[in-house]
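Written out below as structure tokens is the structure these notes cover.
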Amino acid sequence: MVDSADSRWDEKSTLSDSSNKASATTPLLSSASSANVDIPTHTDEFSSLPPEDARILREQVVVPPVKTNLLSVFRYATSYDRMLVTLAFMLAIMEGAVKALMPLVFGAITETFTNYFRAENLPGFEFSNSTMYNSTLYNSTSYNSTYLDEFEYISPEEFQRRVNYLALFFVYLGIADFALSYSATFLFIDRGEVLASRIKENYLAAILRQNIGYFDKLGSGEITTRISSDTILIQEGMSEKLGYVTENISTLVAAFVVGFSLNYKLTLMMMSIAVFIGVSFIYTSGKMNEYFRKALNGSSAGGSVAEEVLSSIRNVHAFQMQDRLAEKYSVYLDISEHWALRAGIAVGVVTGIMWLSVYSDDALGFWQGAYLLARNEITVGQIITVLAAMVEGTFAITNITPHIRSITTGMAAANKIFTTIDRVSAIDTYSTAGRTLENLKGDIELRHVRFIYPSRPTVTVLPDYSLKIPAGKTIALVGASGSGKSTIVGLLERFYSPLAGQVLIDDVDIADLNIKWLRQQIALVSQEPTLFGCSIFENVAHGLIGTKYENASEIEKRELVIDACKQANAMVFIDTLPEGLDTNVGERGFLLSGGQKQRIAIARAIVGNPRILLLDEATSALDTKSEGVVQEALDRASKNRTTIVIAHRLSTIKDADNIVVMRRGQIMEQGTHDELIAKRGEYYDLVKAQTIEAAEEKAKAEREHTYVEDDGMIAMDEKAVAMEDLSHVKTTNTLAPIRTSASIFAGEIEEQARKYTALELLKFMLTLSREENRLNLLGTVFSSIQGLGYPSLGLFYGRCVQAFQAIPDYDYMLREINVFAGLFFMLASVELVASICALGIFAYAGQKLVRRIRIGTFKQIMRQDIAFFDRDENSTGALTATLARDAQAVEGLSGATFGQIMNSIMIVISSMILSLIIAWQLALVCGACVPLLIGSGFYRFYVLTMFQEQAKQSHQVSATYACEATSAIKTVVSLTRENDVMNHYHSTLDQQIRKSRKQSNASAFLYGVAQGMIYLIMALAFWFGSLFLRTREYSIFQFYVTFMSVVYGAQAAGIIFSFAPDMGKAYHATANVKALYDLQPQIDVWSNEGDIPENVDGSIEFRDVHFRYPTRLQVPVLRGLNLKVKKGQYVALVGSSGCGKSTTISLIESFYRPLAGQVLLDGQDISKFNINAYRSHIALVQQEPILYSGSIRENIQLGSLTPVTDEQIIAVCKQANIHDFVMSLPDGYDTLCGSKGTLLSGGQKQRIAIARALIRDPKVLLLDEATSALDNESEKVVQAALDAASKGRTTIAVAHRLSSIQKADIIYVFEGGVVVEAGDHKELMSKKGRYYELVKLQALEKNS
């Protein structure tokens, strides 16, 4: 990464090196991961520093890695927790064993059926409910003695009694499974919640003890992610998912135990299938994960492009880059689609292998079992039991895989969390080590302090700083931004460690003092005050932590708080609030104005009567009236205590005992106000400039005749304020279009999304996927073939079991079994092919749809006007997330999900039709259970989703609280609120655990019911079926066709509900996508309407233009702006920040429409022009130069709407003074710029941006503070390029550095949204007005 501010940086050598690195990585996904696209390699940033300096800085930011395993997540378990978790494991193992016992009962009943029906094969048999066999029958020579010994005649009554007896075992298994699964699931979820909460607590505690340098490198967003989502991943991995894995492993082991105990030969033979499925699953799942990862890399790289584009949307609109950047985004979508398609096929293969294995199990079991039966090595019951056990084992293997992924994801998340927990903080706020001073006076001394921020190791902030501050005195630090003033505050609070020198309080090095005690002696008021989401009283009372009043009664505390609020001039507005001191201030105090927040922060600082007071621009957010009163309060508060004031408004520090003027970490001069004024040095110049500025502000306030916030009054209604400008609006619908784009997304888009009916959304989806609708139809055919598997299973299974009743005719039995075992294998092959084809086709169609939605959504977002992007909810991050999330979620109604829906529908319909044809009475009873079975399938998966959703919702409150604390970490540690935060966080988590325990209990109960229901329905089916079998009204074949088709089929169809959450998400996502597609921007770049400007000269005029930003209608920006720019003129716009200069540029670019008045190009209203034709004549160079990942050539080409030659590129680069530098690089114009141009310095990026602006040969060139972000050396080079670029065309420049616009033809001075002065540099200097003061402030006379 190149630091553009470092003037010592060698352009050639460093960039040559970085371009070599960059060019080695292609911007497309090849064999390497696309996460590496165009990203510079990481180096040790401290390596260039002396070893001791590097050590001090490194220990403030480095996070050493830790190793974690499955047991690591239980590190905070007490002996009670360990006992409950062990019990949960034992219950899960027992539940798994119960599943493996079911085949024993199933086999016994089947044997009873076949034995009962064997009597038909005996000579002289006639059925009657009381048929008996005489003894001569058993002496018949037609049967071998073994068979006759084994054969036992079963009477109809005995048959019914046995079936009833065995059916009861299904009931017992159902009750046992319910009890075990309910108990195990509840214990796993409950302990998971408790232990995850402890991990959260320890993580937050670890975060609060880290030194501030740690947070400089780590965004609060990352902490938010860790505490809100990573801990949920850990909880999922250590709670019910762990139970399911344990249960399935137990089922697998128990199934093999049952199999081997009954017949080891058949079990060993069938074990080959289990080994095959295990190996295949591991391989194909690995491939599937690899493909998904690569697809994710592609979409992540695409997401980076989208983020890059959306974060620079003004640039995109200005240069009409939408289509070209969409093509670039499309490249990454191609990569994602390519791998996602393979992943989809892999899913098909995994599914196909599962069915291949299940049906091959049946084929092998019946085929080999029949031969063993013929040799009298096995019974029918044993064949069926071993077969059912092996099928259970096969399903167990397939069930383990997805849950294992959740556990490994949880372990990975745990590793990141424990890395922070185990990190030893360089400055530990919980440390009890260090001295405390009994009588603190407050003498402060900084002695030869050298300091560098750990996050910016190349910049020395304080080279050698020494300063003495006597006790009880007020010292003011003044100087330009970046001079090191706030660093002094950071060092005194021990936020950072100095590299050399000492910071002393009462002649004791603060490194030797107890850190918490030290911070309790110091009160800090920052420039941007942070309040917490509680009442005003609680916020102010935080200042009492560490004082003798910390544990005082609430009445006593309230008196102190009221007194502090009165001193800080806050009581006046607090009294007007309905709940007074008990008013909740909202998250980070957003319900209060800046001035109100500042006064509460001051009250918080002075309530504890600290010995040392640090005021870091404490009155900067206040209006003039409030500032005077608060300043008086601060003056009172600073008496008899050591006070350090950092001030921007110098009027506030006139009475300071010592004023220290700083520049670049060094003291330039110091003394009292009068002494420094007499010196006529830097302080004198600053004071003089600010005196004029104050006079101007006063005049401005009188001009605007707007209200100043009166502390005793509620502010005027925003609508009333807005009326001032709205009175200028001629037509009633001028304002209406402003809402179309910007405000609709603010929740109206969601409201709109809710209005769509399911039919509308279905039509929308069919329209979107019309190119693949034929493929979807073909996929549906294959899914339907797949769905016919269960009815076929019923037919083949029934014939195989029926064949067993042919005994003792073994030849017939073997012939029948061989045929149907072969058909089972054929079915297995058909299911394999159908699964791969169905899911492969749906994956192809689904990925095409996802790609189409992504690119369509991306284009639709880029189509929106700028007002849309101004809204908080349409931030770059939110839109990028929407882009990634919604398109992927829509796939929940296509692809594998759609295939499964069709499959399930076909299973239920075909099974019911077949069963009704074959045995309608049994089919009706079993069919009546289908809703129960499907419902149990629904509950089984719905409950899992409920757990996850419940976990996310229940932790949102605590996560919000934790995030609030971590994002305001400096305020928390300076108030020593760590214990207070942890106590509050603990009680919040505790409440959640108690609250969610009821939900967990209900969820686990439902899950148990769903598990037990299957056995109860089996008991009913066998009992009711036996009534018909006993009277021989139905054959075994009829029974098994109906039973296997309907009961097992419905159970499988219930899996459709495992996709219920995906379908729900898909429904909402489709509605959101449709709402976005239906959104019409006011300024539409897709529109062909409007006049085409011809023979453009480039003269611009503003006529009485009034403007307010659509997101801030209560704030007037332009209040009747009038200005003219003639053809070919160089015009500069100057003025203080917020006066409307950049808004003027935005209106010329037609990013917004004015509320009233007109913006004219060559005398014609620009709103009448076709937007694209109009913008093609304008080029914009912004303050922050925006480049995109890709080569220098590609970035310059983005400026032109038509293809450009290398000669044209070289010509504009020479004009922009960048050609020689580009040619000095090894790859020349093919050198990669890095994401957002990170491989180039600021000056280089700016010159490439100028070349990009010139390539379109604009008639009007807009320069928005184009040199303000550059160092002096770069500025000179870029300014020379800008001067060359502006020749022969109309140029409008917004300038902060006035030296850059002295040669302008006309300079317009802005104030309060109007022009207050106009003329060239000499004219305005002679007027000695506002421009003169601005120039003087920047000390330009020396250079004139």
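Everything quoted here is computed from the prediction, not taken from an experiment. Side chains are part of it too, since the values below use all heavy atoms of this structure and drop only hydrogens, waters and symmetry mates.
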> Backbone N or O of Asn315 within a donor-acceptor pair of the Ser312 side chain at under 3.5 Å?
Replying inline: no
> Have Ser1191 and Asp1230 got a donor and an acceptor in their side chains that come within less than 3.5 Å?
Replying inline: no
>> With a sphere of 6.0 Å drawn around NZ of Lys1259, does it hold more than 12 non-hydrogen atoms of other residues, nucleotides or ligands?
In response: no
>> Distance alone, cut at 3.5 Å: any donor-acceptor contact between the side chains of Tyr1332 and Ser1326?
In response: no
>> Just by distance, no angles: are the side chains of Gln1215 and Arg1247 close enough, under 3.5 Å, to form a donor-acceptor pair?
In response: no
> Is a salt bridge present between Arg1193 and Asp1206, judged by a nitrogen-to-oxygen distance below 4.0 Å?
Replying inline: yes
> Just by distance, with hydrogens left out, do Arg863 and Gln1080 show a side-chain donor and acceptor under 3.5 Å apart?
Replying inline: yes
> Thinking salt bridges, do Glu1317 and Lys1327 make one under a 4.0 Å N-O criterion?
Replying inline: no
> Between Ser1167 and Asp1165, do the side chains contain an N or O donor and an N or O acceptor separated by less than 3.5 Å?
Replying inline: yes
> With no hydrogens and no angle check, do the side chains of Ser1146 and Glu1149 hold a donor and an acceptor under 3.5 Å apart?
Replying inline: no
> Between Thr1290 and Gly1098, is there a donor-acceptor pair closer than 3.5 Å when you use the side chain of the first and the backbone of the second?
Replying inline: yes
> Is it true that a side-chain atom of Arg1108 and a backbone atom of Leu1155 form a donor plus acceptor pair closer than 3.5 Å?
Replying inline: no
> Under 3.5 Å, is there a donor-acceptor pair between the Arg1175 and His317 side chains?
Replying inline: yes
> Under 4.0 Å between a Lys/Arg side-chain N and an Asp/Glu carboxylate O for Asp1264 and Lys1141?
Replying inline: no
>> So Ile1145 and Arg314, do their side chains get closer than 4.5 Å, heavy atoms only?
In response: no
> Is the shortest heavy-atom distance from the side chain of Glu1323 to the side chain of Ile1307 under 4.5 Å?
Replying inline: no
> Can you say whether the rings of Phe858 and Tyr329 are parallel (under 30°), tilted (30 to 60°) or perpendicular (over 60°)?
Replying inline: tilted
